[in-house]
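Order of the sequence lines sets the chain letters (A, B, ...), proteins ahead of strands, with each chain counted from 1.
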Number of protein chains: 2
Amino acid sequence: MSSAALDGTMPSDPDLAARGARQQQRSRQLLDAAARVMEREGSQAVSMQAVAAEAEVSVGLIYRYFGGKHELLLAVILNVLEDFATTVPAAVEAVGDDPVDRLVAAFRAYCEVIDRHRHATVLTYRESKSLDEAGRARIKQLEVETTQPLVQVLREGIDAGALRPVDPEMVAYNLLLVAHAWALKHWYFERTLGFEDYVRNQVSLALHGLVEPRQRRRYARLLSAS
Amino acid sequence: MSSAALDGTMPSDPDLAARGARQQQRSRQLLDAAARVMEREGSQAVSMQAVAAEAEVSVGLIYRYFGGKHELLLAVILNVLEDFATTVPAAVEAVGDDPVDRLVAAFRAYCEVIDRHRHATVLTYRESKSLDEAGRARIKQLEVETTQPLVQVLREGIDAGALRPVDPEMVAYNLLLVAHAWALKHWYFERTLGFEDYVRNQVSLALHGLVEPRQRRRYARLLSAS
DNA sequence: ACGCTACATGAACCTAGATTCATTTCTCTG
DNA sequence: CAGAGAAATGAATCTAGGTTCATGTAGCGT
């Protein structure tokens, strides 16, 4: 089954690979364009024509690569969630063994991902409604998985006696929300805080609520606000 | 100028008042219907026809009382914000002088308002985009005002030495967000928490981060989780 | 009862924007 | 260089749902 000469219609493996690569690239181009339109149009709804114009392709092409508007939307959202899935665990591992350091690293990584995809994050809240039930379920599912690294480090911290015995799931979601808030309420926070201030202040506040009193002194540097 | 007989086209004051009252009532009926549709349709977009059906009136009538879909939407959202404006300060005053008690009362009142308007709250995040700039600005403005009671009690608490010297504006918005989260992430929290548990846990967590260490013992009852 | 006005109806209209598909352009292989 | 797919185009459709308005109906003062 190796000889490509057998049948002109049956492309060789290298061909397939090349084609696949090109398609991959196109998909990404379109995805990026969609993200950019959201960026620019800000709070306006995103039309297919606008995305096509931004990507400098025709509307029809989008339908070749994504089934329709819903799938494009879903793809944009999933793209963000994937960024979480790769960035956050990496950040946690990179920082060492101290549970509180790990917690802070995880939270900071969250915030950085959000900051990278600020408009797409808002989009998730705005447009999830227009997805079908399956799509919404998928997003919820992934969002929950996304909090798992946080839940994990919280558990470690509690077991190690560094953190108070809180409900890790609730606290993880709280932290996720505070990260989301950087996108959702950016119009408010940006009046007084830059990204770094925001993260530092939130870290300080959260740790004051989480760190076991005995361990306070050890983490003084993280507990002080801006 | 009192005799109504002077001119049949000039209604007397009582007439005007009666008319006003009837219109008021209609408006409320429509508003409530709109809220109910959101409730039922859950995450689907709300169509004028659906609202009309729910209110058991014709589509056209909605246009008599509200200029169009945007204004109806805006009215629903403003309705929630008004509830904050009346409920929260009342709850704070009702509870006494202790700054921490006042803070807790304020937060709890927030959560109760959100719980009353759970779907409208989600709607605010979803549909603000479809309002014009003026409408969005109005909402933002009111939302900020809505946090003022919280900012106020936080300041009192800090000045009284009961709370650590945090940034009251940021913390107030955090608390607002945690309250919103009860609506936004209800699908997640409801799996493990009822309303009361949610409030109690969040209060405990927040106070651990806020109360001056020296004052901890005084508020033990509020600091313990469920 | 009469007429006058405000209140109410809902089918028909209109628009934005998603989707399609007949046609054209590109890219290889033989 | 032909010519067979694959890729890309974009004007023409289709549709959901917001908006209008010609046509009732109800209440009330005379």
Inset, instruction - Indicate whether the side chain of B/Gln25 and that of B/Gln29 have a donor and an acceptor atom separated by less than 3.5 Å. - result: no
Legend entry - Distance-minimising heavy-atom pair for A/Leu154 and A/Pro168: CD1-O, 3.4 Å
Inset, instruction - For A/Phe66 and D/dA7, give me the distance from atom CZ to atom C1', rounded to whole Å. - result: 16 Å
Inset, instruction - Taking only Lys NZ, Arg NE, NH1 and NH2, and the carboxylate oxygens of Asp or Glu, determine whether B/Glu133 and B/Arg136 approach each other closer than 4.0 Å. - result: yes
Inset, instruction - Please report, rounded to the nearest Å, how far the C1' atom of C/dT9 is from the OH atom of B/Tyr65. - result: 13 Å
Inset, instruction - Using a cut-off of strictly less than 4.0 Å between a heavy atom of the residue and any atom of DNA chain D, enumerate the qualifying residues of residues 48-63 of chain B by number. - result: B/Met48, B/Gln49, B/Val59, B/Tyr63
Kindly give the atom pairs (protein nitrogen or oxygen, nucleotide nitrogen or oxygen) under 3.5 Å for nucleotides 13-15 of chain D.
none

Legend entry - A/Lys129 NZ - D/dG17 P separation (whole Å): 11 Å
Inset, instruction - Taking only heavy atoms on the protein side, list every residue of residues 67-76 of chain A lying under 4.0 Å from any atom of DNA chain C, sorted numerically. - result: A/Gly68, A/Lys69
Inset, instruction - Begin with the C-alpha distance, continue with both residues' side-chain angles, and end with the deciding distance and a verdict on side chain to side chain contact (heavy atoms under 4.5 Å, CB included) for A/Arg138 and A/Leu131. - result: CA-CA 10 Å; A/Arg138 185 124 167 257; A/Leu131 271 44; over 6 Å; no
Legend entry - Lys/Arg-Asp/Glu bridge criterion (N-O < 4.0 Å) met for B/Arg108, B/Glu196: yes
Inset, instruction - Assess the side chains of B/Gln152 and B/Gln148: does a donor N or O sit below 3.5 Å from an acceptor N or O? - result: no
Legend entry - Pair A/Glu93 + A/Arg102, salt bridge at N-O below 4.0 Å: yes
Inset, instruction - Can you label the angle between the B/Phe84 ring and the B/His180 ring as parallel, tilted or perpendicular, going by 30° and 60°? - result: tilted
Legend entry - Short side-chain N/O contact to D/dA8 OP1/OP2 from A/Arg26, under 4.0 Å: yes
Inset, instruction - Indicate yes or no: at least one non-hydrogen side-chain atom of A/Phe66 is less than 4.5 angstrom from one of A/Leu74. - result: no
Inset, instruction - Give the rounded distance in Å between these two atoms: CZ of A/Arg64 and P of D/dA8. - result: 7 Å
Legend entry - Phosphate OP1/OP2 of D/dA7 contacted by A/Gln23 side-chain N/O (<4.0 Å): yes
Inset, instruction - Classify the angle between the aromatic ring planes of B/Tyr173 and A/Trp187 as parallel (below 30°), tilted (30 to 60°) or perpendicular (above 60°). - result: perpendicular
Legend entry - Within-4.5 Å side-chain heavy-atom neighbours: A/Met170 and B/Gln202: yes
